[in-house]
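Quick notes on the structure that follows.
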Amino acid sequence: MALNSVDVRINAGAVHALVGENGAGKTTLGKIITGVLSPDEGSMAVRGNHVAFRSPRDALALGITLVAQELSLVPKLSAAANIYLGIEHTRGPVVDHAATRARFEDLVEEYGIQVPPDQPVSTLPVADQQKVEILRSLARDANLIVMDEPTARLSSIEAANLRKTIQKLSEKGVTVVYISHFLDEVLAISDYVTIMRDGAVVRTTPTRTESRSSLIEGIVGRSLDTVFPARQFPRHGAPAVLAVQDLTRTGSFENVSFEIRAGEIVTLAGLVGSGRSELARALFGADPPTSGSMHLNGNPYRPCSPRQAIRAGVAMVPESRSTQGLLPLLPVRANITLAHLARFVTLGGVVRSGRESSVAQGIAEAVGLTGATIETRTFQLSGGNQQKALFGRWLVSQPHLFIADEPTRGVDVGAKRGIYNLLVELASQGIAVLLVSSELEEVLGLAHRIIVMWGGRIVGELCGDGATETDVMTLAFGAPPA
């Protein structure tokens, strides 16, 4: 059952957050509120009047709409054209573009949400595309907007700008139901927060009465102290798995030197644009460096492609699992074995499906894949389970170096713990782990050493056991720690 006897009251003009693990029922509740889904039982009232939505059109007629995780814009149309698509001002059978532009300018002025009107939306940053979705809702007189993970794909600066937009909406009297895994932004932006677990409401409270710790405890049913596994240190004198010297990729990073030892977790910290992801891609052969040298287990290492990196024993979970990691229409089994097909193919080129399924099943169990089978299509999995499937791909053949770029982005608190366990387990097997993360708590909670980048250069290194958030952020902004 996706929802079970859910009672929630949403006040007009408030920002009301819904938080919980993947599968807790947040998105289902949001879709019922906006008419995408219909409840089996219970009732819903809008401004005191009972309603029964049969479609999103019914909800929109009462000013209620959804901005979903996956944006539904027409890429080749301009922002203004997308906003007024289907409700254009016309003169007879012809669209009056001047009138549409005037309506666009009035809408932008009223709500203070700025986007370029004439650019195709495919050329706009994701944050501006989010704004187009919001303006499209407002152009249809929406007074309650459900936003499902609106900042999951945004940079920190874009996310901050979107939060300002939401505050402007609230000041204008628009109600926002805000579904998010990012607890810090929930605490910063919302007036009320509803915690959900297993399809039921744990509690609804004014946000000012909650803390990050209390939200996590409500979401997962345990305290913050158990979020990170116990730190295990590599053995004394462990050899260097990866050694990098003066590595440079013109326009991305320069003169980068560091090493990672067997069993060590090293985190790359820094602001968006500091060169962290670009460095990770170079190590995996996706964007080869311009100059410098690398050694893997003491041998020269210079992959010109991910294929060469994989053959050398390097694995990578990329920043975007949907566009760079997984084939969503294929089953979990195929995604797990994708990088190792040679192990399951006969001389005649036929896949030995029995052996492939057996290995995939063992990996799925090892990574803690839940609520699905290895034949489930990957797009049907929760974000946390998709990420676990991606991790599982690299457990088919144990790598020497495991690179994880933002591995918990868009993943709920409970699934995060499972991913942290996987990273620590990999390190305990003697694998060198390089973790790129924008979450300071994650950087500090997992790392043996923290390497901080700024402007494409390494600006400092900290011991993970004694570093503070202030130490990391001071370096991230290009200044030495006090």
Side-chain angles (χ1 to χ4, degrees), residues 21-23 181 216 220 222 225-234 241-242 260-268 280 283-284 310 313-322 324-326 332-333 335-340 359-372 374 376 378 381-439 441-450 464:
E21 297 187 60
N22 285 329
H181 287 133
I216 291 175
V220 302
R222 55 181 183 268
D225 296 337
T226 64
V227 170
F228 292 100
R231 201 186 304 263
Q232 301 179 33
F233 290 91
V241 172
L242 176 72
I260 310 176
R261 299 189 171 276
E264 190 177 28
I265 300 177
V266 173
T267 57
L268 275 181
L283 298 177
F284 193 56
I310 293 168
V314 177
M316 182 172 175
V317 172
E319 184 176 15
S320 173
R321 59 179 174 265
S322 59
Q324 300 171 347
L326 296 169
V332 172
R333 166 185 48 76
N335 272 284
I336 288 176
T337 61
L338 185 64
H340 314 277
V359 170
Q361 182 62 43
I363 294 296
E365 293 172 1
V367 298
L369 196 71
T370 57
I374 59 171
T376 302
T378 309
L381 302 180
S382 67
N385 277 326
Q386 287 184 15
Q387 201 72 334
K388 288 177 182 178
L390 193 50
F391 267 71
R393 176 181 297 166
W394 306 114
L395 303 185
V396 174
S397 179
Q398 189 178 63
H400 304 298
L401 171 66
F402 190 98
I403 304 168
D405 191 356
E406 303 287 5
T408 62
R409 176 172 289 172
V411 171
D412 66 71
V413 175
K416 281 184 178 182
R417 174 59 196 255
I419 290 172
Y420 298 154
N421 286 341
L422 286 172
L423 290 169
V424 170
E425 175 61 25
L426 291 174
S428 72
Q429 296 172 18
I431 297 170
V433 176
L434 179 64
L435 170 65
V436 179
S437 178
S438 298
E439 294 195 33
E441 184 182 79
E442 197 167 275
V443 168
L444 297 169
L446 291 171
H448 297 119
R449 285 187 296 124
I450 303 166

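Here the structure is a predicted model, which is why all the values come from computation and not from measurement. Sequential numbering from 1 along the given sequence is applied to the chain's residues.
Within the model, atoms CD1 of I265 and CZ of R449 stand 12.0 Å from one another, a figure rounded to the nearest 0.5 Å. Note that OG1 of T408 is 9.0 Å distant from CG of L446, once rounded to the nearest 0.5 Å. To the nearest 0.5 Å, atoms CG (N421) and CG (L426) are separated by 11.0 Å. To the nearest 0.5 Å, atom CZ of residue R333 and atom OG1 of residue T376 are 11.0 Å apart.
Ring-plane geometry between F228 and Y420 is classed as parallel, the angle between the planes falling under 30 degrees on a 0 to 90 degree scale with a further cut at 60. Between F284 and W394, the ring planes are perpendicular. Angles over 60° get that label, and only those under 30° would be called parallel.
Side-chain contact between V314 and L283: absent, with no pair of heavy atoms (C-beta onward) separated by less than 4.5 Å. Side chains of R393 and N335 form a contact here, defined as non-hydrogen atoms less than 4.5 Å apart. Two residues are said to be in side-chain contact when any heavy atoms from C-beta on lie closer than 4.5 Å; S428 and Q232 meet this criterion. Contact annotation: the side chain of S397 never approaches that of I310 to less than 4.5 Å [non-hydrogen atoms, C-beta and beyond].
For the residue pair P407 and V436, the shortest heavy atom distance occurs at CD-O, 3.8 Å. The two atoms that bring P229 and V424 nearest to each other are CG-CG2, 3.5 Å, heavy atoms only. The shortest heavy-atom contact between G392 and I336 is O-CG2, 4.0 Å. Considering all non-hydrogen atoms of both residues, L369 and A389 come closest at CD1-N, 4.4 Å. Here the shortest heavy-atom pairing between A360 and T337 reads CB-CG2, 4.4 Å. Contact record, I431 with Q398: CD1-CG, 3.5 Å, taken as the closest heavy-atom pair.
Between the side chains of S437 and E442, at least one donor-acceptor pair of N or O atoms lies under 3.5 Å. Between the side chains of E406 and S438, at least one donor N or O lies within less than 3.5 Å of an accepting N or O.
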Item to complete: Carefully, step by step, assess L444 and I450 under the rule side chain to side chain contact (heavy atoms under 4.5 Å, CB included).
Response: CA-CA 8 Å; L444 297 169; I450 303 166; 3.7 Å; yes
Discussion item. F402 vs L423, test: side chain to side chain contact (heavy atoms under 4.5 Å, CB included). Steps then yes/no.
Written reply: CA-CA 9 Å; F402 190 98; L423 290 169; 4.2 Å; yes
Discussion item. Apply side chain to side chain contact (heavy atoms under 4.5 Å, CB included) to residues M316 and D405 and explain how you reach the verdict.
Written reply: CA-CA 8 Å; M316 182 172 175; D405 191 356; 4.2 Å; yes
Worksheet item: L381 and T378: side chain to side chain contact (heavy atoms under 4.5 Å, CB included), yes or no, with the steps?
Response: CA-CA 6 Å; L381 302 180; T378 309; 4.3 Å; yes
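H448 places no side-chain N or O within 3.5 Å of a backbone atom of R231 that could act as its donor or acceptor partner.
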